[in-house]
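Read through the structure below, which is laid out as structure tokens, and then see the notes.
Keep in mind the model is a prediction, meaning the values are calculated, not measured.
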Amino acid sequence: MIRHIVIAAWRNMAANKLISAIAILGLAVGIAVALLATLVIRSQFDFNRFIPGHERTYEVTSVMTVPGRGTFHNEVTTADTGALLALNLPGVESVTRLMIARDRAARMLDNETVSLQHGMVSGRETLYWAEPNLASVLPLPVFRGDLKTALARPDGVVLTRAVARKYFGHDDAVGEQILLNRHPMTVRAVIEDLPAHQTNMESGLFASGLASFSGFAEKLDPASFNTNTHTYVRLKPGASHMAAESALPDIVERLARRLGGGEHFPYALSLAPIASLNLDSELHPGVRARLAVEGL
């Protein structure tokens, strides 16, 4: 029976070549689009889920109200927000900060990157200054070394496997030295490459924020309001996200007093789950509508 059906279908296609070609092409395009949409949507819903404990890990987001211009949400806070959260946030287990490193000697170039060099191999990379307790909040998958202690010394740096291969020719570069903006640093850990398009982290490269030339070491004006720091919070198992959120206005009030802000300080904080940062409509207006279109 099946043989006869196949023969009949083949004869019908041979007799109507143009219509058959259009039908097959349309089917192929439809299948390809469906597969592509499935992959895109799946990657969006797998966002940051490679990080153990992601379900109780949050990025602190800023909400700034500008008179006449509206309200703006972004993923950075002031550098001292982390300390206030660690001391005053109920249910907090650990807080850590990341700051994009910049090359002050290359201001006319792309100062959102730094210079890395090992031997004859050099390049520019996006890299974060990170606090030593990075692994307590963001326990990224490790290939070699110990992420828990990698940034405890001022000269510590953490690379991904791909970057280690680029500069050293092999993955296991623990113990090797590399120049960061002409400062010697030592590779203390190598982590797995971060999954493409499945994390908000711009890089898997981290240097110790204890370095004397790090962004955290800069002396800032206590009255300045500079939002340049990614602040991450991990709550204790069973801790209430709502209880933590309800404490944020008081923390903002403390921050306002430190900055000399008045009663109507146009600033607020929020906790965004890291596994749904990409779907946060406040940070990314229209993202859910775009995903819905892609899923059609």
Side-chain angles (χ1 to χ4, degrees), residues 32-61 74-76 94 96-101 112-114 116 123-131 133-148 150-151 157-174 178 187-207 229-235 271-281 283-284 286-288 290-295:
V33 170
L35 289 174
L36 181 60
T38 300
L39 290 174
V40 170
I41 293 173
R42 180 179 178 181
S43 71
Q44 293 300 304
F45 284 98
D46 283 344
F47 199 80
N48 275 336
R49 293 178 184 271
F50 66 94
I51 299 175
H54 62 80
E55 64 280 353
R56 53 190 178 94
T57 306
Y58 303 83
E59 183 169 27
V60 185
T61 62
N74 59 54
E75 295 183 35
V76 286
S94 190
T96 199
R97 299 176 301 164
L98 299 177
M99 182 186 294
I100 290 286
E112 291 291 318
T113 63
V114 296
L116 289 183
R124 302 197 66 82
E125 309 287 349
T126 300
L127 177 144
Y128 287 107
W129 294 117
E131 293 193 287
N133 69 335
L134 173 69
S136 68
V137 181
L138 301 172
L140 302 172
V142 177
F143 171 67
R144 288 287 187 274
D146 185 356
L147 188 60
K148 293 180 181 179
L151 303 173
V157 66
V158 175
L159 308 178
T160 61
R161 294 180 69 176
V163 172
R165 285 194 299 271
K166 175 180 177 179
Y167 289 92
F168 298 98
H170 54 87
D171 295 22
D172 188 359
V174 173
I178 192 168
V187 180
R188 302 292 179 185
V190 177
I191 62 173
E192 299 288 349
D193 297 333
L194 303 186
H197 312 300
Q198 291 186 28
T199 179
N200 62 310
M201 283 179 278
E202 299 177 44
S203 168
L205 282 66
F206 307 92
T229 305
H230 293 268
T231 304
Y232 291 88
V233 169
R234 176 164 288 211
L235 299 181
L271 297 179
I274 63 169
S276 57
L277 278 170
N278 58 322
L279 300 177
D280 191 311
S281 57
L283 294 170
H284 310 287
V287 65
R288 291 183 180 273
R290 291 194 295 272
L291 278 180
V293 171
E294 290 172 356

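Residues Leu140 and Phe50 meet the side-chain proximity criterion, which asks for heavy atoms closer than 4.5 Å. Residues Val76 and His230 form a side-chain contact, since some pair of their non-hydrogen atoms from C-beta on lies under 4.5 Å apart. Contact of the Pro273 side chain with the Thr57 side chain is not registered, since no non-hydrogen atoms from C-beta on lie closer than 4.5 Å. No side-chain heavy atom of Asn278 sits under 4.5 Å from any side-chain heavy atom of Asn200. The shortest side-chain heavy-atom distance between Ile100 and Tyr128 falls under the 4.5 Å cut-off. Residues Leu98 and Leu138 are in side-chain contact: their nearest non-hydrogen atoms beyond the backbone lie under 4.5 Å apart.
The shortest heavy-atom contact between Tyr167 and Arg124 is OH-N, 4.1 Å. Taking every heavy atom of both residues into account, Ala275 and His54 meet most closely at CB-ND1, 3.8 Å. Taking each heavy atom of Ala150 and Ala189 in turn, the nearest pair found is CB-CB, 3.8 Å. Nearest heavy-atom pair across Ala207 and Leu151 is C-CD2, 3.9 Å.
Other residues, nucleotides and ligands contribute more than 12 heavy atoms inside 6.0 Å of the NZ atom of Lys166.
Neither side chain, Thr231 nor Arg97, offers a donor N or O lying under 3.5 Å from an acceptor on the other.
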Report all side-chain donor-acceptor pairs from residues 158-165 shorter than 3.5 Å, counting only partners two or more places apart or in another chain.
unit_1: Thr160; atom_1: OG1; unit_2: Val163; atom_2: N; d: 3.3
unit_1: Arg161; atom_1: NE; unit_2: Asp171; atom_2: OD2; d: 2.7
unit_1: Arg161; atom_1: NH1; unit_2: Glu192; atom_2: OE1; d: 3.2
unit_1: Arg161; atom_1: NH2; unit_2: Asp171; atom_2: OD2; d: 2.7
unit_1: Arg165; atom_1: NH1; unit_2: Asp171; atom_2: OD1; d: 3.2
unit_1: Arg165; atom_1: NH1; unit_2: Asp171; atom_2: OD2; d: 3.1

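Here the OG1 atom belonging to Thr61 is positioned 8.0 Å from the CG atom belonging to Leu277, to the nearest 0.5 angstrom. Atom CD1 of Ile274 is separated from atom CD of Glu55 by 9.0 Å, given to the nearest 0.5 angstrom. Between the CD atom of Glu125 and the CD atom of Glu202 there is a distance of 13.0 Å, given to the nearest 0.5 Å. Taking OG of Ser203 as the reference point, atom CD of Glu112 lies at 12.0 Å (rounded to 0.5 Å).
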Stepwise side chain to side chain contact (heavy atoms under 4.5 Å, CB included) test for Val142 and Val190: CA-CA 6 Å; Val142 177; Val190 177; over 6 Å; no
Before you tell me yes or no, could you show the steps for Glu59 and Asn48 under side chain to side chain contact (heavy atoms under 4.5 Å, CB included), namely the whole-Å CA-CA distance, both residues' side-chain angles and the distance that decides it to 0.1 Å? CA-CA 11 Å; Glu59 183 169 27; Asn48 275 336; over 6 Å; no
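Judged by distance alone, the side chain of Arg144 and the main-chain N or O of Val174 form no donor-acceptor pair under 3.5 Å. Judged by distance alone, the side chain of Tyr232 and the main-chain N or O of Leu134 form no donor-acceptor pair under 3.5 Å. Judged purely by atom type and a 3.5 angstrom limit, Arg234 uses its side chain to pair as donor or acceptor with the backbone of Val137.
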